[in-house]
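Here's the structure, in structure tokens; my notes come after.
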Amino acid sequence: MKLVVKYGGSSISTAKDIQSVAKNLHYLSKHNKIAVVCSALNGTTDDLIEISESIEKENKSKAQQLVANIINRHKQVAKQTIKKSDLKKKLLQQLNEDFDELVALIDGMVLLGEVTPRSKDYLNSFGERLSIKLVSFALRNHGKKSSSLTGKDVGIVTDSNFGESKPLMDTTRLRVSKTLDLLFSNNTIPVIGGFTGADQHGHITTFGRGGSDYTATIIGACIKADEIWLMSDVDGLMTADPKIVKSAKLLKEVSYVEAIEMAMFGAKQIHPRTFEPLVQKKIPMRIRNSFNLDNEGTLVTSSPGESVKNTVKCVSYIHHNGLIDIRGGSMVGTPGTAAKIFSTLAKAGINVMMISQNPSESSITIVVKNNDLDKAVNALELELLGKIIKKLEVTTDMAIIALIGSGMRGTIGVASKVFSSIEKNKINVSMITQGSSELNLSFVVKNSDANIAVKAIHDEFKLDKVN
Ligand code: ASP
Ligand code: MG
């Protein structure tokens, strides 16, 4: 099989983890052609982001302290991971070159006192640039031939939308397949840095947080992989958060569309664009735990088998949201009201998670993250209060509960089962949404009611018997 195996930061955060990853890859490579994709070591990207924030706040010493920590940690891990002394020396030499460039970049940013989206992407790319060397050398320490390549090295070409770039797939496909075919024919395992690419001018770009998942599927589509594995520290997608529902089960198989809905919630967050490169090529993906290889994980396919077409697959929640009820008589029958509200919020940089409007048109209710609530209400008050809006009513600390499953489509009685089980637990529902795809039924309750609601629905739909 041709496999793309992607490791999240939590799977490669210590020397011990990297050694066991290398051992496992060594074993897998006996029967498969493998391309490895790596995230940064756990927490490194967070630290790099904090460095740019410190530079923006003119806190040079904080930036220097953070970079010193990154350098020390990678040196330590390198020394502990690689046993062969010649290899260890070579790795440290290569890492030192990266460290010099990283320090020079930070000095430059400090001198300019300026952090641009382009310099931020360049800075944030260092996490993966370092981690791939550790993993690639660990493979070499195991006697395998291996090369480390950044997104730019492997041939991922993107637009110049720094911080949220998209690949130019045709150019990327040509370049990536050429680079990797050469390495495969040479029996060399490529270890590719996730999250980054380069635009047509050669400037480094990133796909946004969690972008290594996206790199894995881009690479998979380019080389027509048979499967893509996303390895992290969770077993796969579950019927509910096992911290809340003891009887929660691992989902053995879900469809792409279901996985896209589930990606927003739960323990394994997946970059939202991850599935795009797969859908056309219908490449199956597995979500697996690098610490529990006996477990097959969750298989994500274009057409799951008959036996797994349950109505509801899982019930998830997102805590700590704010609900804003926007009212006004002049909203009724006035074209453009919703456009004004949403463009005001967009200008303020607010992401809206849920929307509902009744046919009476006298109110629109939206849900945003608690952290965005202040900014959202402020923007709406400044721009629209007294004009199209009469009144804003705000409720904090609300939870979204979402039922996901493509089998809900056309199934009669799902909503009645949901709300009667909620009613039995005397929980008040503040808002409900369901798109016409019927893939996701979501409603909003108080944070303090969320756990009971999740348990009640898990019981009601007997999700412990799923699969
Ligand atoms: N290292 C990047 C991040 O933490 C990309 C990734 O982990 O997928 O966001
Ligand atoms: Mg990560």
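For the numbers below, each heavy atom of this structure counts, side chains included, while hydrogens, waters and symmetry mates do not.
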Legend entry - salt bridge (Lys or Arg N to Asp or Glu O under 4.0 Å): pairs with one or both residues in residues 49-73, sequence neighbours excluded: E50-K62
Legend entry - For E114, side chain to side chain donor-acceptor pair (under 3.5 Å) partners two or more places apart: none
Inset, instruction - Check whether any side-chain heavy atom of M431 lies under 4.5 Å from a side-chain heavy atom of V367, and answer yes or no. - result: yes
Legend entry - Donor-acceptor under 3.5 Å (T217 side chain, P277 main chain): no
Inset, instruction - Go through the steps to decide whether D159 and D199 satisfy the test side-chain contact (heavy atoms from CB on, under 4.5 Å), and finish with yes or no. - result: CA-CA 5 Å; D159 59 18; D199 70 4; over 6 Å; no
Legend entry - Student check: side-chain heavy atoms of K249 and L463 closer than 4.5 Å: no
Inset, instruction - Check whether any side-chain heavy atom of M109 sits under 4.5 Å from a side-chain heavy atom of L123, and report yes or no. - result: yes
Inset, instruction - Give a yes-or-no answer on whether the side chains of E361 and Q357 include a donor-acceptor pair shorter than 3.5 Å. - result: no
Legend entry - side-chain hydrogen bond (donor to acceptor under 3.5 Å, both in side chains) pairs, two or more places apart, involving residues 439-452: E261-N440, H320-N447, N440-S442
Inset, instruction - State the OG-CG distance between S52 and L66, to the nearest 0.5 angstrom. - result: 10.0 Å
Inset, instruction - Decide if atom CD of Q65 counts as having more than 12 heavy atoms of other residues, nucleotides or ligands within a radius under 6.0 Å. - result: yes
Inset, instruction - Taking the side chain as every heavy atom from C-beta outward, state whether I326 and T365 have any pair of such atoms under 4.5 Å apart. - result: no
Inset, instruction - Report the C-alpha distance between N59 and S54 in whole Å, list the side-chain angles of each, state the deciding distance to 0.1 Å, and finish with yes or no for side chain to side chain donor-acceptor pair (under 3.5 Å). - result: CA-CA 5 Å; N59 189 347; S54 310; 5.4 Å; no
Legend entry - side-chain hydrogen bond (donor to acceptor under 3.5 Å, both in side chains) pairs, two or more places apart, involving residues 332-341: none
Legend entry - Side-chain touch Y7/V37, heavy atoms, less than 4.5 angstrom: no
Inset, instruction - Step by step, work out the side-chain contact (heavy atoms from CB on, under 4.5 Å) result for I270 and I287. - result: CA-CA 10 Å; I270 303 172; I287 300 172; 3.7 Å; yes
Legend entry - S212 and S39 side chains, donor-acceptor separation under 3.5 Å: yes
Legend entry - Sequence neighbours excluded, every pair satisfying side-chain hydrogen bond (donor to acceptor under 3.5 Å, both in side chains) that has a member inside residues 397-422: E258-S406, N370-D397
Inset, instruction - Report the C-alpha separation of H458 and T239 in whole Å, then their side-chain angles, then the decisive distance to 0.1 Å, and conclude whether the side chain to side chain donor-acceptor pair (under 3.5 Å) test is met. - result: CA-CA 8 Å; H458 201 273; T239 55; 2.7 Å; yes
Inset, instruction - Mind running side chain to side chain donor-acceptor pair (under 3.5 Å) on D17 and T14 for me, showing each step along the way? - result: CA-CA 5 Å; D17 297 342; T14 64; 3.2 Å; yes
Inset, instruction - Taking side-chain contact (heavy atoms from CB on, under 4.5 Å) as the test, write out the residues that go with S360, two or more places apart. - result: N358, S362
Legend entry - F195/F207 aromatic ring centres below 6.0 Å: no
Inset, instruction - Please round to the nearest 0.5 Å and tell me the distance separating atom CZ of R173 and atom CD1 of I223. - result: 12.5 Å
Legend entry - Validation row: I318, N321 side chains within 4.5 angstrom (heavy atoms): yes
Legend entry - T205-D121 side chain donor-acceptor pair, cut-off 3.5 Å: no
Legend entry - Rounded distance (nearest 0.5 Å) linking atom CG of L278 with atom OG1 of T301: 11.0 Å
Inset, instruction - Report the distance from atom OG1 of T196 to atom CG of N124, rounding to the nearest 0.5 Å. - result: 10.5 Å
Inset, instruction - Using the test side-chain contact (heavy atoms from CB on, under 4.5 Å), find all partners of A346 that sit at least two apart in sequence or belong to another chain. - result: none
Please output the side-chain donor-acceptor pairs of residues 371-382 that fall under 3.5 Å, not counting sequence neighbours, one pair per line with the distance.
none

Legend entry - Check: G386 main-chain N/O paired with K390 side-chain donor or acceptor under 3.5 Å: no
Legend entry - side chain to side chain contact (heavy atoms under 4.5 Å, CB included) partner of M354, the single match among I366, V368, V444: V444
Legend entry - Distance (rounded to the nearest 0.5 Å) between F126 CZ and I51 CD1: 10.0 Å
Legend entry - Residue pairs fulfilling salt bridge (Lys or Arg N to Asp or Glu O under 4.0 Å) with at least one residue in residues 322-338, sequence neighbours excluded: D325-R327, R327-E393
Inset, instruction - Just grab all the salt bridge (Lys or Arg N to Asp or Glu O under 4.0 Å) pairs involving residues 453-467, residues at least two apart or on different chains. - result: K424-E460
Inset, instruction - Mind running side-chain contact (heavy atoms from CB on, under 4.5 Å) on L237 and L250 for me, showing each step along the way? - result: CA-CA 6 Å; L237 301 171; L250 180 78; over 6 Å; no
Inset, instruction - Any salt bridge (Lys or Arg N to Asp or Glu O under 4.0 Å) involving residues 269-296? Give me the pairs, sequence neighbours left out, ordered by first then second residue. - result: E227-R286, R273-E276, R286-E296
Inset, instruction - Report the C-alpha separation of M398 and S430 in whole Å, then their side-chain angles, then the decisive distance to 0.1 Å, and conclude whether the side-chain contact (heavy atoms from CB on, under 4.5 Å) test is met. - result: CA-CA 9 Å; M398 303 300 276; S430 304; 3.2 Å; yes
Inset, instruction - Could you tell me whether a side-chain N or O of E128 sits under 3.5 Å from a main-chain N or O of A40, the two making a donor and an acceptor? - result: yes
Inset, instruction - Would you mind listing every ring pair (Phe, Tyr, Trp, His ring centres under 6.0 Å) that reaches into residues 400-442, with sequence neighbours excluded? - result: F419-F443
Legend entry - Audit row: D235, N292, side chain to side chain donor-acceptor pair (under 3.5 Å) steps and yes/no: CA-CA 7 Å; D235 280 341; N292 184 11; 3.2 Å; yes
Inset, instruction - Mind checking the NE2-NZ spacing from H203 to K152? Nearest 0.5 Å is all I need. - result: 8.0 Å
Inset, instruction - Find out whether L41 and L130 are in side-chain contact, i.e. whether some heavy atom of one side chain is under 4.5 Å from a heavy atom of the other. - result: no
Legend entry - Side-chain touch L251/C314, heavy atoms, less than 4.5 angstrom: yes
Legend entry - Polar side-chain atom of T150 near backbone of R129 as donor-acceptor pair, under 3.5 Å: no
Legend entry - SB check K2 D226 (cutoff 4.0 Å): no
